[in-house]
Structure formats: C-alpha cells, structure tokens
2 protein chains.
Amino acid sequence: MTTQSQGLHTHVLDTLGLEISSGQCPPGSVLRTDELAQRFDVSRTVIREVIRVLESMHLVESRRRVGVTVRPTETWNVYDPQVIRWRLAGADRPRQLRSLTVLRSAIEPVAASLAARHATAEQCAELTERALGMVATSRGHQLEGYLEHDIAFHRIVLNASGNEMFARLGDVVAEVLAGRTHHQVMFEDPDPAAVTLHVRLAEAVREGDPEAAERITKEIAVGALHELDVLAP
Amino acid sequence: MTTQSQGLHTHVLDTLGLEISSGQCPPGSVLRTDELAQRFDVSRTVIREVIRVLESMHLVESRRRVGVTVRPTETWNVYDPQVIRWRLAGADRPRQLRSLTVLRSAIEPVAASLAARHATAEQCAELTERALGMVATSRGHQLEGYLEHDIAFHRIVLNASGNEMFARLGDVVAEVLAGRTHHQVMFEDPDPAAVTLHVRLAEAVREGDPEAAERITKEIAVGALHELDVLAP
DNA sequence: AACCCATTAGGTACGACTTATTCAAGAGGC
DNA sequence: GCCTCTTGAATAAGTCGTACCTAATGGGTT
C-alpha cells in the first residue's frame with residue numbers, strides 16, 4: 001500500500017519519507033545527494049526532485065555546502081496525507097492515532113451540525129444507506145466490509161458540511177479508521193452502541209437537526225477516544 | 001512577502017502556484033515543461049522540480065505524452081500553508097477566509113479547553129502578557145501591534161493544548177488574522193468585546209477551567225464569524 | 001473494429017560548470 | 001603568546017544542456 005512501483009521518483013520518495021518520519025534519520029542528521037544517488041542507484045536528478053518534495057513538506061532543509069538536513073518534528077506538514085501515512089506506518093503510531101482522533105473529535109461534531117443544515121437529499125440517502133451497511137456488517141467478523149461503510153459514512157458527513165477544509169479531512173479520517181481496524185487488535189465485532197449512534201446520526205442529518213447531529217457525533221468521538229485509551233498504552 | 005528571491009526554483013514555484021490557485025490556470029488546463037522552461041528562461045531541470053512539488057500538493061498531475069494537467073480544486077492539499085497563502089493572495093479570498101474561520105471555530109474551543117488543563121506556568125504567563133498587550137494596543141489605531149499580540153495569543157493557546165495537530169494550525173490562524181487586518185477594510189479599532197474575551201480566556205486558562213475556556217473561545221469565534229458576515233458579501 | 005506504428009512529452013541519466021557556505025590557515029593587532 | 005579578522009581553498013548544492021528511454025496517444029492501415 002505504501003510502496004508503489006510507478007517510477008523511481010515515487011519509490012525513493014516513499015523510502016526516504018518513511019525513514020525520516022519514523023525517526024530513523026533523526027532531526028539534525030544530514031543527507032548528501034550524491035550518497036543518496038549512489039545508495040538508490042539513481043541519478044542525482046531523481047534525488048533532487050525527491051529532496052525538493054520533502055522540502056516542501058518541511059521534512060528537510062537543503063543548504064549549500066552542508067547538505068540536506070532533517071528538520072525538527074514541529075515544522076513538519078502534519079496535515080499532508082502523505083506524511084500522515086508515513087507516520088502511521090512508523091514508530092509512534094499510537095501517539096499519532098491519538099492526535100488525529102482528538103482532531104476528529106473537534107472537527108466532526110461541527111461538521112455534522114453543518115451537514116444537518118446543508119446536506120442534499122442524495123447525501124442523506126447515501127448516508128442512511130451506509131449506516132444500514134454498517135448495521136449489516138456489524139456482526140460475524142465482517143470487519144473489512146464494516147470499515148468500508150464506516151469510512152464512506154464519515155466522508156459523506158464531512159463533504160455534506162459544505163466546508164472545504166472539513167471535506168478535505170476525509171482522507172485523514174479514512175487513515176485513522178483503517179489504522180484502528182488493521183493495527184489495533186480488534187478480534188471482536190464493533191461496539192453495537194457505536195453502530196446505533198451512526199444510525200441515529202444519519203437520522204438527525206436527514207431530519208435537519210443540527211443540535212442532535214452534533215451531540216450524537218460527540219458521543220461517537222468520546223467512544224473512539226475511550227476505545228483508544230483501553231487498547232493503547 | 002510572497003515573492004522571495006532565494007533561487008530560481010522558489011520564484012518559479014511561487015509564480016506557478018499563484019497562477020494555479022488563483023484560477024488563472026483553471027483545472028483541466030495543460031502545461032508543458034518545455035514551454036515553461038522557455039517562459040521563465042530556466043532549464044527544464046528547474047521546471048521539473050517545481051512540477052514535482054506542485055504534484056505533491058496535488059495541484060497538478062503529470063502524465064506522459066499529455067503534459068502537466070491542473071487538477072480539480074477538491075484534490076488540493078488545502079492544509080498546506082503554502083497553498084493557503086497562495087489562495088489568500090488570489091481571487092476568492094473571501095470564500096477562503098470564511099472556510100478557515102469556520103475551521104477555527106471548530107478547533108480553537110477544543111484547543112482552549114485542553115490548554116486549560118495542560119498549559120504550563122510559563123505559557124499562562126505569556127498568555128496573560130499577550131492579552132494585556134492586546135488591551136494596550138486596542139485603541140488609537142495601533143492595528144499592527146494589536147495583530148502581533150493577537151497572533152501570538154492564539155498560537156500559545158494552540159501550542160498549550162498539547163496536541164500536535166492543533167499546534168500546527170498556528171500558521172493558518174496567523175494567516176487568517178493577518179488577512180482580516182490587512183485586507184478587510186478595518187479603519188476602526190478592534191471590537192472592545194473581543195479584547196475583553198481574550199483577557200477572560202487568559203484567566204480561564206490560568207485558573208485551569210476548561211469549560212470556561214471553551215465557552216469563551218466559542219464566543220470569540222462567533223464574533224469572528226459575525227464580523228465576516230458584516231464585512232464580506 | 002482491431003491492430004500497429006509514428007509521434008509526442010514526460011522520465012531518467014550524465015557531465016560540466018556556478019555559487020553560496022564553511023572551515024581553516026595565515027596575517028595583523030592587542 | 002593569544003585573540004580577532006581576513007582570505008582562500010574545499011565542498012556540496014544549484015543550474016544547465018544534451019542525449020536517450022519510455023509510455024501514452026492518435027491516426028492510418030488492414
């Protein structure tokens with residue numbers, strides 16, 4: 001999933017990005033373009049393009065006569081989906097999941113409230129459909145199917161909010177949900193209470209009840225945070 | 001501010017980024033690397049590096065035999081500070097300011113609540129200092145000084161929340177506040193009510209009262225949204 | 001309608017040269 | 001003798017130009 005074979009550039013970028021965000025190349029460490037070219041057996045051209053991209057993500061800083069320096073964590077573009085993927089694949093995955101879940105708990109209630117005001121009939125229909133899909137896959141170890149509906153559900157809410165910044169968080173939420181399902185130990189079926197809340201949220205949005213939508217989403221978020229507390233150290 | 005003279009790469013990137021995000025090169029339009037190299041009078045190497053960066057921001061898509069295509073707005077990395085700056089400098093600045101302000105209204109109350117729990121003594125002190133600075137500069141057309149304190153104030157709250165994702169929104173908030181002060185017509189001194197709210201927020205954080213901090217921040221956000229409704233079409 | 005080939009524009013490689021930084025050695029002053 | 005300032009050599013990124021590879025496209029042939 002992380003490694004694509006569509007070109008040298010992508011491969012080198014992915015490898016380096018992963019190494020940096022996993023702490024393998026700690027902040028302050030220096031990379032040399034020539035060495036990298038040698039190591040990956042590609043031309044300096046490719047390396048330079050990769051470095052420029054990493055630089056645009058504020059992962060590294062390139063200075064003459066000194067080389068490419070890994071920048072401190074605080075400057076990274078942590079909202080870049082690419083960076084998020086790298087970090088979720090790396091070492092401090094738990095910390096990362098927690099940060100993102102807290103972010104969700106701030107955004108999604110407001111987004112749901114807005115969605116209850118602005119959602120189109122079509123969006124309401126698809127939302128209900130996804131909620132029913134979650135119900136249908138909530139028993140009998142159909143975790144992958146459940147995950148798919150869960151992701152789609154939250155994406156619709158974020159899109160229906162009508163706010164571009166919220167909508168673009170769909171990818172982040174997808175990563176978080178996928179991470180939770182795949183990496184946290186999750187032998188059992190999803191919490192029935194959570195499933196019910198999603199159904200109720202779909203109803204609230206359909207009926208145009210912003211307060212209820214916000215309240216219910218907050219409950220979902222609290223559940224997610226609680227789940228994280230229980231499963232993670 | 002937008003145009004830096006530190007290298008060809010930066011100049012070309014900035015120009016193209018601005019042209020794309022301002023809609024001058026609408027989604028679907030095609031750029032050719034050779035043409036760009038000619039236009040900016042730089043080598044194709046430089047252009048390619050720029051394209052790669054724009055590609056990592058999902059502003060463009062590069063395909064063989066067809067050229068570099070501008071992608072639809074929905075795919076852009078709108079959380080990239082660079083993209084935000086370009087868009088705020090461009091055409092639909094009002095829409096952008098509104099989106100970002102709504103985002104703020106979702107994030108900052110939660111961040112303030114967390115800050116009330118986690119803020120260090122030092123952070124509390126600096127927060128109070130900044131609030132007093134806002135009071136001091138709130139009269140007599142000292143808009144620039146007020147802006148500086150305002151930005152610092154909100155940055156401290158976001159940092160003190162202890163959540164990395166919130167902290168990294170400091171730059172976004174700074175852009176929004178700066179945009180409001182500089183571009184919206186703002187002859188008059190800031191709203192006294194807003195100033196008072198900031199002072200009260202500093203108190204709430206210092207006294208470790210999350211509920212009050214959240215409530216007060218919500219009031220600030222409502223004020224900001226209202227101000228936007230009044231001043232913008 | 002299916003296939004093939006010429007064309008096109010990005011992808012990669014290599015080598016030469018330029019420029020900003022750094023570091024250290026040497027000149028000068030205290 | 002020690003410290004500071006200057007100068008210059010070394011270094012690694014920045015830029016350029018060219019040559020060639022590769023994949024996607026569109027048209028022409030069967």
Side-chain angles (χ1 to χ4, degrees), chain A residues 2-17 19-20 25-72 75-77 82, chain B residues 2-17 19-20 25-72 75-77 82:
Chain A
T2 301
T3 303
Q4 301 159 23
S5 61
Q6 52 167 45
L8 297 177
H9 176 84
T10 310
H11 172 246
V12 175
L13 177 63
D14 220 54
T15 307
L16 279 182
E19 285 183 7
I20 292 173
C25 305
S29 52
V30 179
L31 311 171
R32 248 79 56 92
T33 55
D34 287 309
E35 287 181 8
L36 292 174
Q38 219 173 342
R39 173 182 159 198
F40 288 101
D41 193 35
V42 296
S43 70
R44 204 160 67 98
T45 312
V46 172
I47 297 296
R48 296 199 81 266
E49 287 169 10
V50 169
I51 294 299
R52 281 258 131 95
V53 172
L54 291 174
E55 204 174 16
S56 87
M57 296 167 173
H58 291 85
L59 291 188
V60 302
E61 190 184 11
S62 178
R63 283 168 57 202
R64 284 184 145 133
R65 160 70 202 201
V66 62
V68 178
T69 317
V70 178
R71 300 184 66 173
T75 71
W76 296 358
N77 266 358
Q82 180 84 95
Chain B
T2 301
T3 304
Q4 302 159 21
S5 61
Q6 51 166 43
L8 297 176
H9 176 84
T10 310
H11 173 246
V12 175
L13 177 63
D14 220 54
T15 308
L16 279 182
E19 285 183 7
I20 292 173
C25 304
S29 52
V30 178
L31 311 171
R32 247 77 56 94
T33 54
D34 288 309
E35 287 181 8
L36 293 174
Q38 217 173 344
R39 172 182 159 198
F40 289 101
D41 193 34
V42 296
S43 71
R44 201 161 70 101
T45 311
V46 173
I47 297 295
R48 296 199 80 266
E49 288 168 10
V50 169
I51 295 299
R52 281 259 131 94
V53 172
L54 292 173
E55 205 174 16
S56 87
M57 296 168 173
H58 291 86
L59 291 188
V60 302
E61 189 184 11
S62 177
R63 281 169 59 204
R64 287 185 150 153
R65 161 72 200 202
V66 61
V68 178
T69 316
V70 178
R71 300 185 67 173
T75 71
W76 297 357
N77 266 357
Q82 179 84 92

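We name chains A, B, ... by the order of the sequence lines, and we start the count at 1 in each one.
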S.K.: Are OP1 or OP2 of dC21(D) and a side-chain N or O of R64(B) less than 4.0 angstrom apart?
M.R.: no

S.K.: Do any side-chain nitrogens or oxygens of T33(B) fall under 4.0 Å of OP1 or OP2 in dG10(C)?
M.R.: yes

S.K.: Using whole Å, what does the distance between atom P of nucleotide dG14(D) and atom CZ of R32(A) come to?
M.R.: 14 Å

S.K.: Can you tell me how far C1' of dG10(C) sits from CD of E49(B), to the nearest Å?
M.R.: 15 Å

S.K.: To the nearest Å, how far apart are H9(B) NE2 and dG14(D) P?
M.R.: 9 Å

S.K.: Please give, in whole Å, the distance from dG11(C) P to D34(B) CG?
M.R.: 12 Å

S.K.: For dG11(C), does either OP1 or OP2 sit under 4.0 Å from a side-chain N or O belonging to T45(A)?
M.R.: no

S.K.: So what does L8(B) touch, heavy atoms closer than 4.0 Å: a base, only the sugar-phosphate, or nothing?
M.R.: sugar-phosphate

S.K.: To the nearest Å, give me how far apart CD1 (I51(B)) and P (dG11(C)) are.
M.R.: 9 Å

S.K.: Kindly indicate, with the supporting measurements, whether the criterion side chain to side chain contact (heavy atoms under 4.5 Å, CB included) is fulfilled by T45(A) and E49(A).
M.R.: CA-CA 6 Å; T45(A) 312; E49(A) 287 169 10; 3.9 Å; yes

S.K.: Given dG14(D), dT7(C), dA20(C), identify the nucleotide with an atom nearest to the side chain of R65(B).
M.R.: dT7(C)

S.K.: Let's see if you can work this out: which of dT7(C), dA16(C), dG11(C) has an atom nearest to the side-chain heavy atoms of R44(B)?
M.R.: dG11(C)

S.K.: Looking at CG of L36(A) and CD1 of I47(A), how far apart are the two atoms once the value is rounded to the nearest 0.5 Å?
M.R.: 5.0 Å

S.K.: Heavy atoms only: give me the nearest P27(A)-P72(A) pair and the separation to one decimal.
M.R.: CB-CA, 3.8 Å

S.K.: For dT12(C), does OP1 or OP2 lie under 4.0 Å from any side-chain N or O of R52(B)?
M.R.: yes

S.K.: More 5' along DNA chain C: L31(B) or V66(A), using each one's nearest nucleotide?
M.R.: L31(B)

S.K.: In whole angstroms, how far is the C1' atom of dA12(D) from the CD atom of Q38(A)?
M.R.: 15 Å

S.K.: Look at the side chain of S43(B) and decide which nucleotide, out of dT12(C), dC16(D), dG10(C), has an atom nearest to it.
M.R.: dC16(D)

S.K.: Rounded to whole Å, how long is the line connecting atom CG of L36(A) with atom P of dT12(C)?
M.R.: 16 Å

S.K.: Tell me what I47(B) touches on the nucleic acid: a base, only sugar-phosphate, or nothing, going by heavy atoms under 4.0 Å.
M.R.: nothing

S.K.: Please tell me if R48(B) has a side-chain N or O lying less than 4.0 Å from either OP1 or OP2 of dC16(D).
M.R.: no

S.K.: Whole Å only: how far is the CZ atom of R63(B) from the P atom of dT8(C)?
M.R.: 18 Å

S.K.: Please give me the minimum heavy-atom distance between C25(A) and V70(A), naming the atom from each residue.
M.R.: O-CG1, 3.5 Å

S.K.: Give me the one residue out of L13(A), T10(A), V42(A), V60(A) that meets side-chain contact (heavy atoms from CB on, under 4.5 Å) with V50(A).
M.R.: L13(A)

